[in-house]
There are 2 protein chains.
Amino acid sequence: MSLRYALLALLNVEPMTGYDLHKVFESSVGHVWYAPDSQIYPELRKMEAEGLVRGEDIPWGKKATKRRYHVTPAGTGDFEAWMNSPLEYSRVRDPAHLRAAYLEYAAPEAARAQLQAHIAHHEALLRQWNQKIEEIDTGTSAMLTRRLATLPADQRQRSRAFKRFAYEGLIARAEAEIAWARSGLRLLDELGPEA
Amino acid sequence: MSLRYALLALLNVEPMTGYDLHKVFESSVGHVWYAPDSQIYPELRKMEAEGLVRGEDIPWGKKATKRRYHVTPAGTGDFEAWMNSPLEYSRVRDPAHLRAAYLEYAAPEAARAQLQAHIAHHEALLRQWNQKIEEIDTGTSAMLTRRLATLPADQRQRSRAFKRFAYEGLIARAEAEIAWARSGLRLLDELGPEA
DNA sequence: GCCCACTATCTATGTCCATAGGTATTTGTG
DNA sequence: CACAAATACCTATGGACATAGATAGTGGGC
């Protein structure tokens, strides 16, 4: 149900084609939300049918056209209504911590490898997010720059601050995961080889 | 795909009915993995067809029977193979942080309410997990006690340590989320009412 | 001018999961 | 003993998502 709001948020910045949206999900934003194109195109059509976005065929080359969608006032209203409604927290499904609870069943080397993979995974995320923060601070983020350009000057500081805040949360989480996995490695050392 | 491994992990402790498994998911363990009964019963049948578990009809009252499943050697092998295989990290879908990135579109009171709800949500989780740690330390967890009873004495310390480790990770994450949301509230204070 | 990677869109299949029911028996409580 | 609550198991429907394709035009390099 959140896919459409992720799409509305992105289209709010600037009109895009389904292909563009898919590329955005594949890149940076993909670590907050992701969708394959096979989900994006039908959702856009549904949203257009509901009047939340409107697509227009724009020429592409000499024979072809592509469909670029922009948000309608109804779409903006829907998005803001969602933003102002309480967020429902769905049930957790957490394979990493499910495994951790039963790590005794894994071979010690496998347990170690998994914790190291956990660290590597979150370190990679951390690098990306730190880079995002860097881009926000230095104004080198193309997406954010375009978004700021659509806002009145007095709101830009606000927008920038919220964007930074979101990434800070992701960074804090990644750091917590890394610290936890490191403590797991220490635990394996302490417990030594299994009996 | 992880549901069956969650089921195998639980059935490894002791044979249970589908109803029992569902109750376990509804309670404590449900914060690592959850499944509705409408998913559990069919999955158990599939697993039995594949030879991972075996169910036996045991009498219940005077007319009825219930079906209790236990893990077969093939099931144990499958579970251990999974535990020793690398965990694949699926794409993230994170409604809370998606919203945070666009918090400027929310009314300030709504933004504040959401951050407070985020804090309340994770504080509730925190309480449950701290209680779990307490139960592990004091030996008052029925599930863990039964599991420990199935293990040789020299492995109990190990099992207890891993279980504690898993909950420590969940606690660390919840604390990070709370700290982040609190910093968001401070940010709202600093930015003041919107223009 | 040919080839190839990219852009752009679409369909089809299957799994996972949420939600909402249904039925029958048993067990505990007043 | 009646009755409610819990136990036990089941089906049906629909949405969300993964995966794996198909098709067709475009743009750039050799």
Side-chain angles (χ1 to χ4, degrees), chain A residues 1-7 10-11 15-27 30-50 53 55-69 82 87-95 98, chain B residues 1-7 10-11 15-27 30-50 53 55-69 82 87-95 98:
Chain A
M1 188 48 64
S2 293
L3 170 59
R4 71 169 44 193
Y5 299 108
L7 295 176
L10 293 174
L11 291 177
M16 278 190 271
T17 67
Y19 190 79
D20 293 332
L21 288 162
H22 176 236
K23 269 196 306 181
V24 173
F25 280 143
E26 288 268 276
S27 73
H31 293 290
V32 177
W33 203 268
Y34 170 81
D37 64 342
S38 62
Q39 205 187 346
I40 292 171
Y41 288 113
E43 184 66 24
L44 284 171
R45 276 178 261 140
K46 266 175 63 181
M47 287 164 74
E48 180 162 28
E50 292 174 38
V53 296
E56 47 180 352
D57 291 316
I58 62 169
W60 172 51
K62 40 184 71 167
K63 291 196 232 174
T65 63
K66 58 181 176 179
R67 195 157 183 80
R68 189 167 56 191
Y69 293 89
W82 181 72
L87 182 61
E88 79 255 22
Y89 291 86
S90 58
R91 312 261 197 170
V92 188
R93 278 179 186 84
D94 188 337
L98 170 63
Chain B
M1 190 46 67
S2 293
L3 170 59
R4 71 169 44 192
Y5 298 108
L7 295 175
L10 292 173
L11 291 177
M16 278 190 272
T17 68
Y19 190 80
D20 293 332
L21 288 162
H22 176 236
K23 269 196 307 180
V24 173
F25 280 141
E26 289 267 277
S27 73
H31 293 290
V32 178
W33 205 268
Y34 170 81
D37 63 343
S38 63
Q39 205 187 347
I40 293 170
Y41 288 113
E43 184 67 24
L44 285 171
R45 276 178 261 140
K46 266 176 63 182
M47 287 163 74
E48 180 163 27
E50 292 174 39
V53 296
E56 46 178 352
D57 292 314
I58 62 169
W60 173 50
K62 41 185 69 167
K63 289 197 234 170
T65 63
K66 58 182 176 178
R67 196 157 183 81
R68 187 167 56 189
Y69 292 88
W82 181 71
L87 183 61
E88 80 254 22
Y89 290 85
S90 59
R91 312 259 198 174
V92 187
R93 277 177 188 88
D94 188 335
L98 170 63

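Just so we're on the same page: letters track the sequence lines, and every chain starts at 1.
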Student: For the pair B:I58 and B:T65, evaluate side-chain contact (heavy atoms from CB on, under 4.5 Å) and give the outcome as yes or no after the intermediate values.
Tutor: CA-CA 5 Å; B:I58 62 169; B:T65 63; over 6 Å; no
Student: By nearest heavy atom, map B:R91 and B:Y69 onto DNA chain D; which one lands nearer the 5' end?
Tutor: B:Y69
Student: Among pairs that include at least one residue of residues 39-49 of chain B, which meet side chain to side chain donor-acceptor pair (under 3.5 Å), considering only residues two or more places apart or in two chains?
Tutor: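 Found B:R4-B:E43, B:E48-B:R67.
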Student: What are the two closest heavy atoms between B:A6 and B:F25, and how far apart are they?
Tutor: CB-CZ, 4.0 Å
Student: Considering residues at least two apart in sequence or located in another chain, which fulfil the salt bridge (charged side-chain N to carboxylate O under 4.0 Å, His left out) criterion with B:R93?
Tutor: none
Student: Just list the side-chain donor-acceptor pairs under 3.5 Å for residues 15-22 of chain B, sequence neighbours left out, or say none.
Tutor:
from  : atom 1 : to    : atom 2 : distance (Å)
B:T17 : OG1    : B:Y19 : N      : 3.4
B:T17 : OG1    : B:D20 : N      : 3.1
B:T17 : OG1    : B:D20 : OD2    : 3.1
B:D20 : OD2    : B:T17 : N      : 3.2

Student: Does D:dT7 have OP1 or OP2 sitting under 4.0 Å from an N or O in the side chain of B:K66?
Tutor: no
Student: What distance separates A:Y5 OH from A:L10 CG, expressed to the nearest 0.5 Å?
Tutor: 15.0 Å
Student: Given the structure, check if the side chain of B:T17 and the base of D:dT7 hold any donor-acceptor pair shorter than 3.5 Å.
Tutor: no
Student: Note every stem involving DNA chain C: at least three consecutive Watson-Crick or G-U wobble pairs, i with j then i+1 with j-1, with both distances under 3.5 Å.
Tutor: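 Correct response: C:1-30 with D:1-30.
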Student: Taking only residues two or more places apart in sequence, or in another chain, which ones meet A:Y34 in a ring pair (Phe, Tyr, Trp, His ring centres under 6.0 Å)?
Tutor: none
Student: Between A:V53 and A:L11, does the side-chain contact (heavy atoms from CB on, under 4.5 Å) criterion hold? Intermediate values first, please.
Tutor: CA-CA 9 Å; A:V53 296; A:L11 291 177; 3.9 Å; yes
Student: For B:M16 and D:dA8, what is the distance between atoms CE and C1' respectively, to the nearest whole Å?
Tutor: 15 Å
Student: Taking NE2 from B:H22 and P from D:dT7, how many angstroms apart are they, rounded to a whole number?
Tutor: 11 Å
Student: Which atom names give the shortest non-hydrogen contact between B:L98 and A:W33, and what distance separates them?
Tutor: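 Heavy-atom minimum between the residues: CD2-CE3, 4.1 Å.
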Student: Which part of the nucleic acid does B:T65 contact within heavy-atom distance under 4.0 Å: base, sugar-phosphate only, or nothing?
Tutor: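 The residue B:T65 makes no contact with any strand.
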Student: Check whether any side-chain nitrogen or oxygen of B:R45 sits under 4.0 Å from OP1 or OP2 of D:dT11, and answer yes or no.
Tutor: yes
Student: Between D:dT7 and B:Y19, is there an OP1 or OP2 to side-chain N/O distance shorter than 4.0 Å?
Tutor: yes
Student: Ignoring hydrogens, what is the shortest heavy-atom contact between A:W82 and A:S2? Give both atom names and the distance.
Tutor: CZ2-OG, 4.1 Å
Student: Each nucleotide in nucleotides 22-30 of chain D should get exactly one letter: B, S or -. Can you fill that in based on protein heavy atoms under 4.0 Å?
Tutor: ---SS----
Student: Got a sec, which residues hit salt bridge (charged side-chain N to carboxylate O under 4.0 Å, His left out) with A:E56, two or more places apart in sequence or on another chain?
Tutor: none
Student: Looking only at non-hydrogen atoms, find the nearest pair between A:I40 and A:A35 and report the distance.
Tutor: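 So the minimum-distance heavy-atom pair works out to CD1-O, 3.6 Å.
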Student: Go through DNA chain C in 5' to 3' direction and return only the first and the last nucleotide with some atom under 4.0 Å of chain A's heavy atoms.
Tutor: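 Counting from the 5' end, contacts occupy C:dT7 to C:dA18.
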Student: Distances under 3.5 Å between protein N/O atoms and the N/O atoms of nucleotides 13-17 of chain D, please, pair by pair.
Tutor:
from   : atom 1 : to    : atom 2 : distance (Å)
D:dA16 : OP1    : A:M1  : N      : 3.2
D:dC17 : OP1    : B:R93 : NE     : 3.4
D:dC17 : OP2    : A:Q39 : NE2    : 2.8
D:dC17 : O3'    : B:R93 : NH1    : 3.3
D:dC17 : O3'    : B:R93 : NH2    : 3.3

Student: Counting the atoms with a prime plus P, OP1 and OP2 as sugar-phosphate, which does A:S38 contact under 4.0 Å by heavy atoms, base, sugar-phosphate, or nothing?
Tutor: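 Base contact - A:S38 has a heavy atom under 4.0 Å of at least one base atom.
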Student: To the nearest 0.5 Å, what is the distance between CG (A:L44) and OH (A:Y69)?
Tutor: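 Atom-to-atom, A:L44:CG and A:Y69:OH are 5.0 Å apart.
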Student: Under the rule for side-chain hydrogen bond (donor to acceptor under 3.5 Å, both in side chains), what residues qualify as partners of A:D37, not counting sequence neighbours?
Tutor: none
